[in-house]
A.B. asks: 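Starting off with a structure, shown below.
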Amino acid sequence: MPVELVEKKLDGALPVHLVARDGLEAAGLAPSTIAWARANGFSGEAGRTLAVPGQNGALAGALFGIGDGEGALALGVLSRNLPEGDWHFAATPAEPELAAIALALGGYVFTRYGKKSGKALRFDLPAGADAGRVRRIADGVFLTRDLVNTPTSDMGPEDLEMAVRTLAGVHKAEVFVIKGDDLLAQNFPMIHAVGRASTGAPRLIDMTWGSKAAPKVTLVGKGVCFDTGGLDIKPSSGMLLMKKDMGGAANVLGLASMIMAAGLNVRLRVLIPAVENSIAGNAFRPGDVLASRKGITVEIGNTDAEGRLVLGDALALADDEEPQLLVDMATLTGAARVALGPDLPPFYTGDEALASDLTAASAAVEDPLWRMPLWRPYDAKLSSKIADINNVTTDGFAGSITAALFLKRFVEKTASWAHFDIFAWNPADRPHGPAGGEAQGIRALERIISNRFG
């Protein structure tokens, strides 16, 4: 972990004082520190860090502005702004565990291709924080970020399979893979159709862990390792970030890491349809009609709406087991970004108790989520004149909702199902993470799963 969180008190650690807006006098600071802050124009504005000198020019501590009550994740910027060395909070933050998670996440650096690691910082673990849980959460988020940040040259379908096998090896999970033409033989025709034009064979990765007698929790992640758009090709600008189109797979693997490391009492299953949507003579075409594992026939209105196709086959398999909880995550639609932006993923579910829990968990752990409706009248927009369903609508409206309704066709038996339409990317640096791959929704899901099945 780039920032080392130490459970025993560090001798000589310097204090970080958290200061509310215009709250210098209320922060318990020495008069000389208040004078220094004022001389430097510091008044507790959100996100600003100010080093405080001591005698002979030595560092005596730092001030950090929390504004009008910024969330605990805002503290993550300290991992980048503080000078190297040992630190502690002068007073325990209001949310000590979330503050510790923020420090851990804020120090992340993706170093695979030569970028130097972050600063050498050690921080006293705030009182009340569970060190083991903080590390599990950070490890899961870092796994997600690393996978999304890796370009497709090193993260094609085979590489994604190896990443699953590596994680499985750590936790003694089992992995079963169906790939290439075996997908047709074992009735996964949509996964095969989307991935068959790539030189990297399409595959369905199936990881299981935990007691067979435990409650079943199944996670399905979209693993489109690169998306050209297929024959409905994207413009170059639209392809630039398509290495992140396997962000759903990366997020469910990060969540799986958290679950397995905690030893939760669940029978965990992770299903990842891993493909590359490429262009070749055998690519699937607009106007084709695909069979599906569910028996639903799908007319292809657009080959760039491929994620819902591979998820449909995987969800049909997951639904056969009727798990207690079924979650799918996917970088599925630009419509979700238009509606809610990159930082606020929508989720869809017909389970009111799950929706309530997700809303509460999202707020509690500062993992933004927003419920969107499975609006049944829009289901008719997916109609086809020659097949059971089309993979896109003709009017372009409500794209994220209609994508969720498409997926719902493949989940009939499972009562508690939720779909997350995530972006998996920070367009710019944020306090708890740099620009690049990001985990979204999985910290909230970890809280729910821990509470239900811990």
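As the structure is a computational prediction, the values presented were derived from the model and not from experiment.
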A.B. asks: Is a side-chain donor-acceptor pair under 3.5 Å present for Ser400 with Asp421?
C.D. replies: yes
A.B. asks: Tell me the closest heavy-atom pair linking Ser416 and Gln324, and the distance in Å.
C.D. replies: CB-O, 3.3 Å
A.B. asks: Are Lys222 and Asp328 within salt-bridge range, i.e. N to O under 4.0 Å?
C.D. replies: no
A.B. asks: Could you check Ile101, Val16, Leu18 and say which one makes a side-chain contact (heavy atoms from CB on, under 4.5 Å) with Leu75?
C.D. replies: Leu18
A.B. asks: Count the heavy atoms of every other residue, nucleotide or ligand shown that sit under 6.0 Å from CD of Glu174, and state whether that count exceeds 12.
C.D. replies: no
A.B. asks: Which pair of heavy atoms, one from Pro15 and one from Trp87, lies closest together, and at what distance?
C.D. replies: O-CZ3, 3.8 Å
A.B. asks: Any cation-pi pair here, Lys381 with Phe406, using under 6.0 Å and within 45°?
C.D. replies: no
A.B. asks: Name all pairs fulfilling the salt bridge (charged side-chain N to carboxylate O under 4.0 Å, His left out) condition that reach into residues 99-115, sequence neighbours left out, sorted by first residue then second.
C.D. replies: Arg112-Asp154
A.B. asks: For the CG atom of Leu253 and the CG atom of Leu167, what is their distance to the nearest 0.5 Å?
C.D. replies: 6.0 Å
A.B. asks: Kindly state each residue pair satisfying salt bridge (charged side-chain N to carboxylate O under 4.0 Å, His left out) with at least one member in residues 252-269, sequence neighbours excluded.
C.D. replies: Asp206-Arg269, Arg269-Glu321
A.B. asks: Is it the case that more than 12 heavy atoms not belonging to Glu366 sit under 6.0 Å from its CD atom?
C.D. replies: yes
A.B. asks: Does a donor on one side chain sit under 3.5 Å from an acceptor on the other, for Asp139 and Ser257?
C.D. replies: no
A.B. asks: Please lay out, stage by stage, how Glu158 and Arg165 fare under the test salt bridge (Lys or Arg N to Asp or Glu O under 4.0 Å).
C.D. replies: CA-CA 11 Å; Glu158 182 176 1; Arg165 291 189 182 278; over 6 Å; no
A.B. asks: Restricting to pairs with a member in residues 322-363, which pass ring-ring contact (aromatic ring centres under 6.0 Å, His included), not counting sequence neighbours?
C.D. replies: Phe347-Phe420, Tyr348-His419
A.B. asks: Determine, stepwise, if the pair Met329 / Ile442 fulfils side-chain contact (heavy atoms from CB on, under 4.5 Å).
C.D. replies: CA-CA 10 Å; Met329 307 190 84; Ile442 62 175; 3.8 Å; yes
A.B. asks: So which atom in Ser79 and which in Gly107 form the shortest heavy-atom distance, rounded to 0.1 Å?
C.D. replies: CB-N, 3.5 Å
A.B. asks: Does a salt bridge link Glu446 with Arg133, judged by any charged N lying under 4.0 Å from a carboxylate O?
C.D. replies: yes
A.B. asks: Give me the atom names and distance for the closest heavy-atom approach of Thr333 to Ala403.
C.D. replies: CG2-CB, 3.7 Å
A.B. asks: Please confirm whether Arg145 makes a cation-pi placement over Tyr108, using NZ or CZ under 6.0 Å from the six-membered ring centre and within 45° of the ring normal.
C.D. replies: yes
A.B. asks: Quick one: closest heavy-atom pair of Ala314 and Leu271, and the distance?
C.D. replies: O-CD1, 3.6 Å
A.B. asks: Rounded to the nearest 0.5 Å, what separation is found between the CZ atom of Phe42 and the CZ atom of Arg48?
C.D. replies: 7.0 Å
A.B. asks: So, are Arg447 and Asp357 salt-bridged, with charged N and O less than 4.0 Å apart?
C.D. replies: no
A.B. asks: Please give me the minimum heavy-atom distance between Ala51 and Trp36, naming the atom from each residue.
C.D. replies: O-NE1, 2.9 Å
A.B. asks: Can Glu306 and Lys234 be counted as an ion pair, charged N to O under 4.0 angstrom?
C.D. replies: no
A.B. asks: Does NZ in Lys119 sit with more than 12 non-hydrogen atoms of other residues, nucleotides or ligands closer than 6.0 Å?
C.D. replies: yes
A.B. asks: Are Arg21 and Glu70 close enough for a salt bridge, meaning some N to O gap below 4.0 Å?
C.D. replies: no
A.B. asks: We want to know whether Trp417 and Asp319 form a side-chain donor-acceptor pair, criterion being a heavy-atom distance below 3.5 angstrom.
C.D. replies: no
